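Values in this document were obtained by computation on a predicted structure and should not be read as measured data. Here is the naming used below: chain letters follow the sequence lines, and residue numbers restart at 1 for every chain.
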Amino acid sequence: MNLSIEQRDTATGPVLHLVGDLDYEQAPRLRRHLDTLVLRVGHCLLMDLSGLEFCDSSGITALLTAHGQARTAGAAFALAAVPPRTLRLLSIVGLDQVLTIRPHTDAPAR
Amino acid sequence: MCRVGEEPGPPDERAATDAAFTALLEDSAEDLYEQAPCGYLSTLMDGTIAKINDTLLGWLGLERAEVVGRMRFTDLLTVGGKLYHETHFAPLLRMQGEVHGIALEMRTAGRGRLPTLVSSTVKRGGDGEALLIRTTVFDASDRRAYEAELLRRRREAEQARAEAERAHARAEAALRQAETDRQRLTEALSALQQSLVPSSLPAVPGLETAVYYHTASPDLLGGDFYDLFPVGGGRWAFFLGDVCGKGPEAASLTSLTRYTLRAAALHDPEPAAALRTLNAVLHEHYTAAGDPRYCTVVFGLLEQAEDGRVGVKVASGGHPPSLILRADGDSEFLPTPGGLLVGVLPEAPFTTATTVLAPGDTLLLYTDGLTEARTGPTREGLFGDEALLAFAADQAPATPRGLVEALTVLLKGFGDGLEDDTALLALGVSAARPTTDPAADAP
């Protein structure tokens, strides 16, 4: 399934709503989108994963790229509404300890 | 209906037709000779032209007066025609008394050439003496043109065929070259693959080992790796892992990871220390350079105890937990929670776990190719941890070889569902360990 990315700019920073698969074939779409992203110091780049169908190691890499990009820009980074399967994957690879994960896009960090 | 016995047509009509037919025959005798659709000529035996018809004179553009009694048949021919007449036509005629349909070229008054087909017969007297030669000449211009056209077409066809053959030869050469290139590439990839995983594991005293390695990529280059090697003091180190990405790009990371871990382990075989070194190397090499790449890996250290049991210490960086199949039939994961992907952050936490393998126990390390294998048509049905644990429970107790064989059958059953690279490494303490009875050694 193709990945579609919908960007919403809020007062606290951009929210990327990912729908579809974030895998080896589709991850480059996210990377290309990140290239166009403007982040300000103090903003938060929020990835809304509520529509994520599948995420593999290439998807994790793309999320880490976004994470790195936010850090470089002096912005925060968070994942929201992570599907259980992806959450399990994040926990296996230890990223649940490193990345900020929120239950919803409008909820504060847990 | 046709009435039987009746002559066709009325009597008057029949008479008129017969009269016209007779007139035509009588009228044509002389005219047919002069105006025939072919040339006629008669020559004496020495070739002197005695008689020639209007048709041939017209073709050649000659007057009767300049020809009859003044020219020989050969005077009407081109040089080539003369030569052929001399060497073929005349001898044949002398021998056989007649020749048919010989192609001769005649010369016209306008210095043109007329291709003709000539037939001649020798007329003999009552005593058999040759009197004269009767010759008919057919204008073969059209036929020549047709033949020339045929010849041209044939040459074209032959050229086309030759061209096609050359193209075919070129295509075959290209195919051979491609096959050679493919062969060379396969050999190069195979050699490269040997740098990712060892071609065989070393024999470790008291330990049984088994491996399985599958690359989903057709170029054989995988993102999975494993190794087993001595680190001194009777200790052995092993690792198994999975780098992000696929194919050649992943392979360079795999290679860097494997050799970094080997070198790190020789310096300090403590599992968490080896992973910290790898983390620093990968982070510096990739992520800090803006190209985040990482791997998940389990690194372990084996230390054999006096009693034949083997102490195992493993550290994990983001890798699924190892599995232990006990000699008594139990099976369990060896959890290493919280260990982070290697190479993501400059400082990463790694979790260490320890266990002891008794004779008959087997430790299994695997990559997520196994647990992420699709068991159904969609990604919803994955094999998963629980299924793996249940499978292990069915197999336990199992030798490393037996376990890997059973898992190989299981993986083959997934068919196309096996989308990712998959590596398995099983280590077990030999159950049938030769025990030395001190009493038996006593004299």
[X] side, atom [atom1]; [Y] side, atom [atom2] - distance, nearest 0.5 Å:
X	Y	atom1	atom2	result
A/Ile92	B/Thr296	CD1	OG1	9.5 Å
B/Arg293	A/Leu64	CZ	CG	13.5 Å
A/Gln97	B/Thr351	CD	OG1	8.5 Å
A/Thr61	B/Tyr286	OG1	OH	12.5 Å

- Message: For the CD atom on A/Gln7, are there more than 12 heavy atoms of other groups (residues, nucleotides or ligands in this structure) within a distance under 6.0 Å?
- Response: yes
- Message: Quick check on A/Arg31: does its CZ atom have over 12 non-hydrogen neighbours (other residues, nucleotides or ligands) under 6.0 Å away?
- Response: yes
- Message: For chain A, which candidate among B/Gly223, B/Pro321, B/Gly339, B/Pro349 shows the most heavy-atom pairs at distances under 4.5 Å?
- Response: B/Gly339
- Query: With side chains defined as the heavy atoms from C-beta onward, is the minimum distance between A/Val93 and B/Leu340 less than 4.5 Å?
  - Reply: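 Result no, sub-4.5 Å side-chain heavy-atom pair not found.
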- Decide yes or no for A/Val98 and B/Val344: does some side-chain heavy atom of the first lie under 4.5 Å from some side-chain heavy atom of the second? no
